Amino acid sequence: MEDRLCGNSDWMSQLPDELLDVSLWNLAIPGSHDSMSFCLDVSSPVVESESWLLYVMDKLAPCLIRPCVFRWATTQQADLSRQCGLGIRFLDLRIARKPKECSKLFFAHGIYTRKTVKEALDELATWLDAHPKEVVIVCCSHFSCLTPSDHTELVEYIISRFGPKLCSPQDRPTLRSCWSKRQQVIISYDNQEVLQHHPELWTEIPYWYADSTDPKKVISYLEAQKQKGRPAGFYVSGLNLTENIAFVLLHPFQNMRSITTKALTALLNWVGEQRPGPEAEGVNIICCDFVAVARFCDRVIGLNYKGRC
């Protein structure tokens, strides 16, 4: 599999003119699953919201459990700036409070990250300043062990950091409308109480994913979902494989990258057969693990040109 820097830093600004007035949810947009898992901290404890069995095993044998979780929970290897440079425009941010941490928030996938939420948001803001015509959708979710005051501080930081760049959920965003208002960020926030007080935040974006490590079952699931008709706004088709605790324990010396690499040919062939748009089977955001390999972003972005060449 090829792992390379791609020239997709400004792909949105380079789309044909006729796509600039299309709703963003009718474009094909590459996304990264568990976007911050590239910086997981192998020395951190297992996240409290994980299964009780894994949590207990971590207490009993952390030197064995944490490296195993690290191998399986690492689903990305490129940092945020590189992901955006590759063409990623949907970020899956799963936020958590570490045990015994008094103020900082981190990300989590099995275990916690080294980077804080504020560091990641600052990195994204810097990248957006350098690419003023690119629009990024940020999905904030999970919120393991966050308190009401944590939510308040996090939303205040998001608003202070992005401010005028935030696109309102009352709008029907297109690239041209975002450019005219200098908007670059759509924040989806998966907490209903917070949403009631912050109209600048978007509701949870539906994420379709199959609970399987078998790429054939992933494709079958996505096809079955498509037959039911697509959601009216943004939605995600997840190519990510999903393992459970039993699978991890039975394959302690493998890792998520190895099984993803084997599955990517079939998954990307499925991508090549898709079309974006408002039709019942139209795709929108497509998420994948290890987005820096196999020209995933090129495949998804290319769907926007179908029938226009």
Side-chain angles (χ1 to χ4, degrees), residues 12 24-25 29 31-39 47 49 76 79-84 88-98 101-109 112-173 175 177-179 181-207 233-234 236 285 287:
M12 287 180 157
L24 293 183
W25 48 71
I29 298 174
S32 59
H33 167 246
D34 267 301
S35 305
M36 293 300 298
S37 64
F38 66 88
C39 63
V47 179
S49 58
Q76 303 297 338
D79 63 23
L80 283 194
S81 294
R82 188 178 179 208
Q83 288 184 38
C84 290
I88 293 298
R89 296 294 179 270
F90 174 89
L91 298 173
D92 175 19
L93 304 185
R94 306 186 179 198
I95 298 170
R97 169 181 281 280
K98 278 186 180 181
E101 285 286 344
C102 58
S103 61
K104 295 179 182 179
L105 297 180
F106 293 80
F107 304 94
H109 190 211
Y112 300 91
T113 59
R114 299 187 305 274
K115 277 198 169 186
T116 67
V117 171
K118 288 185 177 180
E119 288 172 338
L121 294 176
D122 288 347
E123 181 180 353
L124 177 60
T126 298
W127 190 90
L128 288 169
D129 285 341
H131 303 274
K133 286 193 169 183
E134 300 303 297
V135 179
V136 176
I137 304 159
V138 180
C139 178
C140 300
S141 66
H142 286 62
F143 305 119
S144 179
C145 296
L146 264 66
T147 65
S149 61
D150 288 330
H151 282 290
T152 298
E153 182 179 345
L154 173 56
V155 172
E156 287 178 351
Y157 192 78
I158 289 171
I159 294 171
S160 68
R161 200 67 181 84
F162 298 107
K165 285 186 166 71
L166 292 175
C167 178
S168 169
Q170 281 71 50
D171 294 338
R172 173 186 167 273
L175 286 173
S177 71
C178 288
W179 296 347
K181 300 173 185 177
R182 298 185 179 180
Q183 295 172 342
Q184 290 185 270
V185 187
I186 291 169
I187 301 285
S188 165
Y189 205 90
D190 188 14
N191 183 290
Q192 290 301 314
E193 186 173 346
V194 170
L195 289 173
Q196 292 175 10
H197 299 94
H198 292 282
E200 58 273 84
L201 303 178
W202 292 62
T203 58
E204 178 185 8
I205 293 173
Y207 193 122
F234 292 112
V236 179
I285 301 162
C287 271

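Index from 1, following the sequence. In this text, all values refer to a predicted model and were calculated from it rather than measured experimentally.
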Which value, rounded to the nearest 0.5 Å, describes the distance between [X] atom [atom1] and [Y] atom [atom2]?
X	Y	atom1	atom2	answer
Gln196	Asn191	CD	CG	9.0 Å
Leu93	Phe143	CG	CZ	9.5 Å
Gln83	Trp127	CD	CH2	11.5 Å
His198	Leu166	NE2	CG	11.5 Å
Cys140	Phe107	SG	CZ	7.5 Å
His151	Ile95	NE2	CD1	8.5 Å

- Task: For side chain to side chain contact (heavy atoms under 4.5 Å, CB included), just list the numbers for Ile205 and Phe90, CA-CA rounded to whole Å, side-chain angles, deciding distance to a tenth of an Å, and then say yes or no.
- Result: CA-CA 11 Å; Ile205 293 173; Phe90 174 89; 4.2 Å; yes
Any [X] side-chain heavy atom under 4.5 Å of [Y] side chain:
X	Y	answer
Lys165	Asp129	yes
Asp190	Cys139	no
Tyr189	Leu154	yes
Ile29	Ile285	yes
Ile187	Trp202	no
Arg89	Cys84	yes
Pro173	Val135	no
Asp79	Arg82	yes

- Would you call Lys115-Asp122 a salt bridge at under 4.0 Å N-O?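 Looking at Lys115 and Asp122, the cut-off is not met.
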Indicate the atoms forming the closest heavy-atom contact of [X] with [Y], along with that distance.
X	Y	answer
Gln183	Pro164	CG-O, 3.9 Å
Asp171	Trp25	O-CH2, 4.4 Å
Met36	Thr113	O-CG2, 3.5 Å
Asp34	Ala108	OD1-O, 4.1 Å
Phe106	Thr116	CE2-CG2, 3.6 Å
Gln76	Ser37	N-OG, 3.1 Å

- Query: Between the side chain of Ser32 and the main-chain N/O of Leu91, is any donor-acceptor distance below 3.5 Å?
  - Reply: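 Absent.
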- Query: Step by step, would you call Phe162 with Leu128 a side chain to side chain contact (heavy atoms under 4.5 Å, CB included)?
  - Reply: CA-CA 10 Å; Phe162 298 107; Leu128 288 169; 4.0 Å; yes
- Just wondering, more than 12 heavy atoms not from Glu153 lying within 6.0 Å of its CD? no
- Would you say Gln170 has more than 12 foreign heavy atoms packed within less than 6.0 Å of its CD? yes
